[in-house]
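Before any comments, here is the structure.
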Amino acid sequence: MSKQKKLKPELATGFRDRKGNELILKDRLIEIIKRNFQLYGFEPLETPGFEISENIGKFLPDEDRPMSGVFGFKDENDWISLRYDLTAPLARYVSENFDNLSKPFKRYQVGTVWRNEKSGPGRYREFTQIDADTVGAKNFSADADMCVLLADTLSKCGLNKNEYLIRISNRKLIQGLLEDLKITNVSKKLTVIRAADKMDRVGIAGVKALLSKGRKDKSGDFTKGADLKEDQSEKIINFLTTDNFSKIVSLSSNSTFKEGIDELNKIFVLTKLSQFSDRIMFSPSIVRGIEYYTGAIFEANLFFKVKNKKGEEVEFGSVGGGGRYDDLIARFTQSTYPATGISIGLDRLIYAIDQKKKEKIKEDNPVVICVFDKKQMAQYNKLLLLLRSSNINSEIYCGDGSLKAQMKYADKRNAPAVILYGDNEIKSGTVTIKNLKLGKEASAKIIKREDWTNINKAQELGQKERLGSFQITTKIENLVNEIKKLL
RNA sequence: GCAGCUGUAGCUCAGUUGGUUAGAGCGCUUGGUUGUGGACCAAGAGGUCGGUGGUUCGAUCCCACCCAGCUGUACCA
């Protein structure tokens with residue numbers, strides 16, 4: 001047989017399969033989060049994965065730059081794109097249904113989004129976002145609500161109070177400072193804002209470098225800086241490192257800056273009323289790189305260590321954030337309309353929580369009923385019915401392997417138990433239940449080979465002796481109870 | 001996009017100062033008891049040594065280019 005080129009079973013880069021614990025956890029978290037969003041008065045919305053490209057952004061995939069961020073396709077009439085976030089579709093939805101919506105309009109949405117860009121550690125090209133937005137409310141109670149909702153949601157997801165923090169600031173602060181420093185060039189402003197946003201990652205020295213000439217990264221690559229004067233960058237750094245809100249107030253008398261302070265004050269008055277008042281804190285280094293924020297900005301940070309792929313401990317960082325953006329539907333209506341919202345990166349949250357409480361998730365794998373003789377299927381089905389009607393996940397082995405192969409199968413499936421119902425049992429009206437979970441635990445404790453062989457030596461005493469502790473034979477009536485005990 | 005590093009079995013990696021059949025551990029399949037999983041024993045499957053071109057009698061090894069992956073960085077509506 002000549003060798004054919006075989007297909008390589010693999011996924012495109014940036015995509016991955018999800019299974020097992022992670023999926024179970026995902027479903028649970030989504031339930032918790034949805035429920036909480038409803039509790040806060042948000043209504044659910046689902047929009048399609050595809051939108052007409054020009055409705056959700058200016059980015060069309062073209063020949064020059066096929067990797068321009070979105071996955072796009074041309075159908076009969078239009079370029080259509082997979083959504084890259086849930087905010088742009090919301091804008092389309094609100095504009096399209098403007099007359100029929102309550103104002104303010106509060107909705108939440110859980111959905112997959114796609115980004116056609118380079119993937120990195122923990123960054124995929126397909127992931128799930130959960131968003132809550134309030135559209136049409138200038139009132140700062142909407143912003144305060146978002147912060148409280150974020151904190152409450154994280155706590156309901158199982159995080160302790162010392163493990164997360166909602167950090168909040170206002171875009172107007174840094175904008176006011178930039179006015180003070182007479183920095184008017186738009187791209188320079190943006191460079192400063194982006195530099196400030198990198199405080200967590202590159203540190204004070206890094207931000208300083210980015211504000212002046214530039215920064216050389218670990219690989220030796222050079223990033224050009226904002227080219228500020230010494231005293232200018234010092235003022236920015238001074239602002240970014242002043243965590244005390246009352247001290248911040250005295251940093252500038254600029255009117256935009258004062259407006260920002262005033263807004264933050266109004267928000268804090270409201271968040272202080274919640275049970276999460278100490279979890280919502282001012283932090284000047286929250287800037288957020290995205291251009292469209294116009295007022296308050298928030299970010300949810302986790303403060304426990306997690307292990308990365310290589311097993312090194314790392315601080316987890318942000319799992320979500322948001323802010324006020326008052327130009328939401330400008331693309332469709334030419335008029336501005338206030339909105340504020342948050343977005344939770346579900347996959348990152350799952351990863352964090354999975355790391356935190358690993359083995360707590362209950363296994364839901366099925367009990368496996370072994371097949372001795374295919375002529376006895378009626379007997380096996382009797383047991384199956386018993387188990388399933390008691391809501392116990394279970395199955396009859398559906399392959400063709402020997403009993404040994406069936407054991408291996410059950411082992412690999414992580415089945416809690418195997419049921420042996422052969423001629424002997426059928427005759428005597430009993431079943432044999434082999435507890436795989438216990439056996440696995442016992443074998444995990446064995447470190448030296450001798451320990452293992454010692455157990456096997458017990459075999460000479462007879463199989464019953466050897467298997468005794470992990471295997472029981474009992475009357476059929478007790479089957480369900482015995483299984484329930486070992487689950 | 002830019003920069004640095006790395007590509008040998010499913011995974012982690014040896015190795016060949018350029019020479020005929022390419023190595024290990026783990027994993028996988030099967031058997032060792034036609035009624036018993038796991039760290040035991042045995043056998044087996046699995047590789048165009050990332051791709052293309054060049055140098056050479058001969059390249060997995062040397063050279064050039066390309067591609068892919070990783071890491072950092074930039075961008076991220």
Side-chain angles (χ1 to χ4, degrees), chain A residues 2-6 8-10 12-14 53-60 65 67-70 81 83-85 87-89 91 113 115-121 123 125 190-191 194-195 197-198 201-202 206 210 214-225 288-293 308-310 325 327-328 331 368 370-373 401-415 417-426 432-453 455-457 459 463-464 466-467 470-471 473:
Chain A
S2 71
K3 290 218 165 169
Q4 302 253 318
K5 247 186 207 160
K6 275 180 242 157
K8 217 176 181 179
E10 62 185 1
T13 150
S53 299
E54 57 181 1
N55 279 351
I56 57 166
K58 54 188 186 286
F59 296 90
L60 285 181
R65 307 199 320 146
M67 294 281 286
S68 65
V70 295
S81 297
R83 61 184 176 213
Y84 51 80
D85 73 2
T87 309
V113 303
R115 294 196 185 167
N116 191 6
E117 53 195 27
K118 184 184 134 183
S119 56
R123 278 188 82 171
R125 291 157 91 195
L190 206 55
T191 311
R194 284 178 186 149
D197 190 43
K198 292 181 178 64
R201 201 144 35 98
V202 300
L210 283 171
R215 172 175 181 266
K216 205 183 242 179
D217 71 36
K218 234 166 80 183
S219 67
D221 194 23
F222 186 76
T223 308
K224 207 177 168 323
R288 308 224 102 206
I290 300 163
E291 238 180 307
Y292 70 30
Y293 290 118
N308 67 11
K309 242 189 240 161
K310 287 179 192 158
Y325 48 102
D327 299 326
L328 176 69
R331 198 176 6 225
V368 174
C370 288
V371 175
F372 287 80
D373 182 350
S402 64
L403 189 60
K404 185 172 182 147
Q406 300 187 33
M407 301 298 308
K408 281 193 178 183
Y409 164 82
D411 186 42
K412 198 152 237 174
R413 292 274 331 249
N414 241 321
V418 142
I419 290 177
L420 302 171
Y421 192 50
D423 287 346
N424 301 343
E425 285 87 356
I426 293 175
T432 297
I433 302 166
K434 187 179 173 85
N435 189 332
L436 296 187
K437 229 157 99 184
L438 261 186
K440 190 167 259 184
E441 280 162 24
S443 72
K445 277 185 205 137
I446 295 169
I447 297 155
K448 283 181 293 182
R449 177 109 34 88
E450 300 134 44
D451 297 339
W452 181 249
T453 42
I455 286 187
N456 279 325
K457 268 191 190 143
Q459 186 172 176
Q463 211 171 50
K464 259 184 201 158
R466 174 167 71 115
L467 302 168
F470 308 138
Q471 186 168 322
T473 300

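Keep in mind that what you see is a predicted model, and the values were worked out from it rather than measured. To find a chain, count down the sequence lines: A is the first, B the second, and so on, and within it residues start at 1.
- Taking only side-chain nitrogens and oxygens, Lys224(A) never comes nearer than 4.0 Å to OP1 or OP2 of rC75(B).
- In terms of position on RNA chain B, the residue among Ser219(A) and Ser402(A) whose nearest nucleotide sits closer to the 5' end is Ser219(A).
- Separating the P atom of rA64(B) from that of rU55(B) is a span of 15 Å, rounded to the nearest Å.
- Residue Leu436(A) places its side chain closer to rG37(B) than to any other of rG37(B), rG35(B), rC75(B).
- Inter-residue side-chain proximity for Val368(A) and Arg413(A) is flagged as unmet; no heavy-atom pair is nearer than 4.5 Å.
- Nucleotides rU8(B) and rU60(B) are separated by 15 Å at their P atoms, to the nearest Å.
- One can place CG of Leu438(A) at 14 Å from C1' of rG37(B), the figure rounded to the nearest angstrom.
- Comparing rC26(B) with rC40(B), their P atoms sit 8 Å apart, to the nearest whole Å.
- Listed here is the closest heavy atom pair of Glu117(A) and Arg125(A): O-CG, 3.4 Å.
- Checking Gly220(A) against Met407(A), the closest nucleotide of RNA chain B that is more toward the 5' end is the one next to Gly220(A).
- Of all nucleotides present, only rU30(B) satisfies the Watson-Crick or G-U wobble test against rA42(B), with each distance under 3.5 Å.
- At a cut-off of 3.5 angstrom, counting only N and O atoms as typed in the model, there is no donor on one side facing an acceptor on the other between the side-chain of Gln471(A) and the base of rG37(B).
- For Lys408(A), whose side chain is taken as the heavy atoms from C-beta onward, the closest listed nucleotide among rG35(B), rC75(B), rG37(B) is rG37(B).
- Taking atom NZ on Lys216(A) and atom P on rC2(B), their separation rounds to 19 Å, with Å as the unit.
- No N or O donor and acceptor, one from the side chain of Lys404(A) and one from the base of rU30(B), sit under 3.5 Å apart.
- If you check every strand for non-hydrogen atoms under 4.0 Å, Arg83(A) touches nothing.
- The separation between Glu117(A) atom CD and rU73(B) atom P is 16 Å, rounded to whole Å.
- Nucleic acid contact class of Asn424(A) (heavy atoms, under 4.0 Å, all strands): base.
- Taking a pair to require two hydrogen-bonding distances under 3.5 Å in either a Watson-Crick or a G-U wobble arrangement, rC11(B) pairs with rG25(B).
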Assess the residue pair Thr13(A) and Lys118(A) against the criterion (side-chain contact (heavy atoms from CB on, under 4.5 Å)); give the C-alpha distance rounded to whole Å, side-chain angles, the decisive distance to 0.1 Å, and a yes or no. CA-CA 9 Å; Thr13(A) 150; Lys118(A) 184 184 134 183; over 6 Å; no
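- Residues Thr191(A) and Lys224(A) fail the side-chain proximity criterion, which asks for heavy atoms closer than 4.5 Å.
- Residue Thr13(A) places at least one side-chain N or O closer than 4.0 Å to OP1 or OP2 of rG69(B).
- Here the nucleotide nearest the side chain of Asp411(A), chosen from rC2(B), rA77(B), rG37(B), is rG37(B).
- Taking atom P in both rU52(B) and rC61(B), the straight-line distance is 12 Å, to the nearest Å.
- Rounded to an integer number of Å, the gap from CZ of Arg125(A) to C1' of rC76(B) is 14 Å.
- The base of rU36(B) is not paired with the side chain of Gln406(A) by any donor and acceptor separated by under 3.5 Å.
- In this structure, Tyr409(A) places its OH atom 20 Å from C1' of rU30(B), rounding to the nearest Å.
- Taking atom C1' in both rG44(B) and rU6(B), the straight-line distance is 33 Å, to the nearest Å.
- In this structure, Arg194(A) reaches the rC76(B) phosphate: one of its side-chain N or O atoms is under 4.0 Å from OP1 or OP2.
- Inter-residue side-chain proximity for Asp423(A) and Phe372(A) is flagged as unmet; no heavy-atom pair is nearer than 4.5 Å.
- The partner of rG1(B) is rU73(B), by the rule that a Watson-Crick or G-U pair needs both atom distances under 3.5 Å.
- Nucleotide rG37(B) holds its C1' atom 12 Å from the CZ atom of Phe470(A), rounded to whole Å.
- With both ends at atom P, the span from rG51(B) to rG10(B) equals 14 Å, rounded to whole Å.
- Taking the side chain as every heavy atom from C-beta outward, Asp85(A) and Arg115(A) approach each other to under 4.5 Å.
- OP1 and OP2 of rG72(B) both lie 4.0 Å or more from every side-chain N or O belonging to Arg215(A).
- Remark: the separation of the P atoms in rC62(B) and rU17(B) is 11 Å, to the nearest Å.
- No aromatic stack links Phe222(A) and the base of rA3(B), using centre distance under 5.5 Å and interplanar angle under 30°.
- One interatomic measurement links the two molecules: CG of Asp221(A) to P of rA74(B), which rounds to 9 Å at whole-angstrom precision.
- Distance check on atom P: rC65(B) versus rU29(B) gives 45 Å, rounded to whole Å.
- Between Leu190(A) atom CG and rA74(B) atom P the separation is 13 Å, expressed in whole Å.
- Nearest nucleotide to the Leu403(A) side chain, out of rA74(B), rG37(B), rG35(B): rG35(B).
- Within 4.0 Å of Lys218(A), counting heavy atoms only, lie sugar-phosphate atoms of the nucleic acid but no base atom.
- The shortest side-chain heavy-atom distance between Gln406(A) and Val418(A) does not fall under the 4.5 Å cut-off.
- Among the nucleotides rG72(B), rA77(B), rG37(B), the one closest to the side chain of Val70(A) is rA77(B).
- In this structure rC62(B) sits in a base pair with rG54(B), meeting the Watson-Crick or G-U test at under 3.5 Å.
- At least one side-chain heavy atom of Ser81(A) sits less than 4.5 Å from a side-chain heavy atom of Ile56(A).
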